[in-house]
Amino acid sequence: MSVPRVKRLAVIGAGLIGSSLARAVREKHLAETLVVADRDPAVRRRVMELGFADEVPATAAEAARDADMVIACVPVGASRAIAAEVGPELKPGAILSDVGSVKGAVLEAMAPHVPAHAHLVPAHPVAGTEFSGPDAGFASLFENRWCIVTPPEGADPEAVEKLATLWRGMGANVEFMSAQHHDLVLAITSHVPHLIAYNIVGTAAELEETLASEVIKFSAGGFRDFTRIASSDPTMWRDVFLYNRDAVLEMLGRFTEDLTALQRAIRYGDGDTLFAHFTRTRAIRRSIIEQGQETAAPDFGRRAAEKPKHEQS
Ligand SMILES: NC(=O)C1=CN([C@@H]2O[C@H](COP(=O)(O)OP(=O)(O)OC[C@H]3O[C@@H](n4cnc5c(N)ncnc54)[C@H](O)[C@@H]3O)[C@@H](O)[C@H]2O)C=CC1
Ligand SMILES: O=C(O)C(=O)Cc1ccc(O)cc1
């Protein structure tokens, strides 16, 4: 059965996610006309060279004019500015969506700018890598990954279904939840793990010179995985922590308590506690793999990320 096409789809921001979305839409013929805007002239030039858009305007307003669906693929902190720019251009029935890693704050920032004749349907594809920019994207990024859609209360069911259909067309599995619930779940599955990676790599870098160089030399296993995550885009992750503050602090509080319990077990030589804890966490990993949902683990995106860059486009 063929997927209904969006007549005119506008993507704002042609980085990892925007360019992956555009590539997937192109490859699967999900839009009649695909417009890709970016404020950075170098990015626009690259989008034209890569050839995955029909039009490449400089402004979000231009891209949104006459669009049936507009998807903001910019750092969470830019959502308000994009909505303010795009809002007055939205035609009756148009859908405004996004891909931000935080949903509550995005909803709050965008909603006031969406006219009553248009629909706001935020979403978050739970798939990505540590790379950024238009060259990092690839069409299969969303295949068999979750896309969480967080419609505001009273959202138009037809608009919600249109957005879900687009994501399913790109190979994603769509799940619906409230923005608040999304932010709590993602705080523990994605945001706190990234913070831990940023922290441990920072701690290692601060060690005395000889020790630090040995960390680099012998970095294997665990630490190496952390360095991949800790190389993720600073702007994007700064915004995630600024805009999902409460949920991250809640999960960080629980994390710290549990870490203290493990620290205590080590201090007092309590092997039983350590063994019981590690046995429990091993079972969690196994059940994730059995369900074919490694994507729910903090290292989601890893297989794609480990591909060399030239294999990713
Ligand atoms: N990187 C990842 O693994 C994932 C990221 N996300 C979310 O996707 C969004 C985009 O992330 P990436 O694609 O990784 O970022 P990116 O840094 O690769 O690309 C962002 C693009 O947006 C453009 N941009 C920024 N502000 C703009 C504005 N005001 N107007 C027009 N263009 C603007 C930038 O020039 C850049 O080309 C973020 O909200 C992030 O939370 C969601 C899932 C995974
Ligand atoms: O590269 C990784 O391991 C990721 O965790 C990618 C990622 C980053 C942010 C998201 O909101 C979703 C996925």
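In each ligand, atom 1 is the first atom listed, and ligand 1 is the first ligand listed.
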Is [X] near ligand 1, meaning one of its heavy atoms is under 4.0 Å from it?
{"X": "G133", "result": "yes"}
{"X": "C73", "result": "yes"}
{"X": "P134", "result": "no"}

Notebook entry, point to check: Do NZ/NE/NH1/NH2 and the carboxylate oxygens of D270 and R264 come within less than 4.0 Å?
Noted result: no
For [X], the ligand 1 atoms whose distance to one of its heavy atoms is below 4.0 Å:
{"X": "P75", "answer": "25 (C), 38 (C), 39 (O)"}
{"X": "S132", "answer": "17 (O), 18 (O)"}
{"X": "A127", "answer": "43 (C), 44 (C)"}
{"X": "H124", "answer": "42 (C), 43 (C)"}
{"X": "D40", "answer": "35 (O)"}
{"X": "I82", "answer": "28 (C), 29 (N), 30 (N)"}

Item checked: Pairing residues for H119 by the ring-ring contact (aromatic ring centres under 6.0 Å, His included) criterion, not counting sequence neighbours -> none
What protein heavy atom sits nearest [atom], and how far off is it?
{"atom": "atom 15 (O) of ligand 1", "answer": "L16 N, 4.5 Å"}
{"atom": "atom 35 (O) of ligand 1", "answer": "D38 OD1, 2.7 Å"}
{"atom": "atom 41 (O) of ligand 1", "answer": "S101 OG, 2.7 Å"}
{"atom": "atom 8 (O) of ligand 1", "answer": "V99 CG2, 3.4 Å"}
{"atom": "atom 43 (C) of ligand 1", "answer": "P125 O, 3.3 Å"}
{"atom": "atom 22 (O) of ligand 1", "answer": "G13 CA, 3.6 Å"}
{"atom": "atom 16 (P) of ligand 1", "answer": "G15 CA, 3.8 Å"}

Does any non-hydrogen side-chain atom of [Y] lie less than 4.5 Å from one of [X]?
{"X": "L30", "Y": "R5", "answer": "no"}
{"X": "F176", "Y": "T150", "answer": "no"}
{"X": "V126", "Y": "I148", "answer": "yes"}
{"X": "T260", "Y": "F255", "answer": "no"}
{"X": "R8", "Y": "E55", "answer": "yes"}
{"X": "L184", "Y": "M251", "answer": "yes"}
{"X": "V35", "Y": "V11", "answer": "no"}
{"X": "E143", "Y": "M170", "answer": "no"}

Margin query: Applying side-chain contact (heavy atoms from CB on, under 4.5 Å) to H124 and C147, what does each step give before you reach the verdict?
Written below: CA-CA 6 Å; H124 174 207; C147 179; over 6 Å; no
Notebook entry, point to check: For ligand 1, does E130 get within less than 4.0 Å through its side chain, its backbone, both, or neither, judged by non-hydrogen atoms?
Noted result: neither
Counting only heavy atoms, tell me which of [options] gets closest to [atom].
{"atom": "atom 11 (O) of ligand 2", "options": "H191, H194, H124, M236", "result": "H124"}
{"atom": "atom 32 (N) of ligand 1", "options": "R44, R39, M236", "result": "R39"}
{"atom": "atom 4 (C) of ligand 1", "options": "V11, V76, V74, I17", "result": "I17"}

Check: Using 30° and 60° as the class limits, which term best fits the ring planes of W237 and H191: parallel, tilted or perpendicular?
Finding: perpendicular
Next item on the list: Using the test salt bridge (charged side-chain N to carboxylate O under 4.0 Å, His left out), find all partners of E250 that sit at least two apart in sequence or belong to another chain.
Entry: R254
Item checked: E32 atom CD, over 12 foreign heavy atoms within 6.0 Å -> yes
Next item on the list: Kindly indicate whether atom 37 (O) of ligand 1 is approached by any protein heavy atom to under 4.0 angstrom.
Entry: yes
Checklist line | Region of L186 engaging ligand 2 - heavy atom pairs below 4.0 Å | finding: neither
Next item on the list: Say whether T281 and R285, considering side chains only, have a donor N or O and an acceptor N or O under 3.5 Å apart.
Entry: no
Item checked: Contact atoms of ligand 2, heavy-atom distance to I229 under 4.0 Å -> 3 (O)
Item checked: Atoms in ligand 2 flagged as close to R228, the criterion being non-hydrogen separation under 4.0 Å -> 1 (O), 2 (C), 3 (O)
Check: Considering distance alone, does some N or O of S101 sit under 3.5 Å from an N or O of ligand 2?
Finding: yes
Check: Is the closest heavy atom of W237 to ligand 2 under 4.0 Å?
Finding: yes
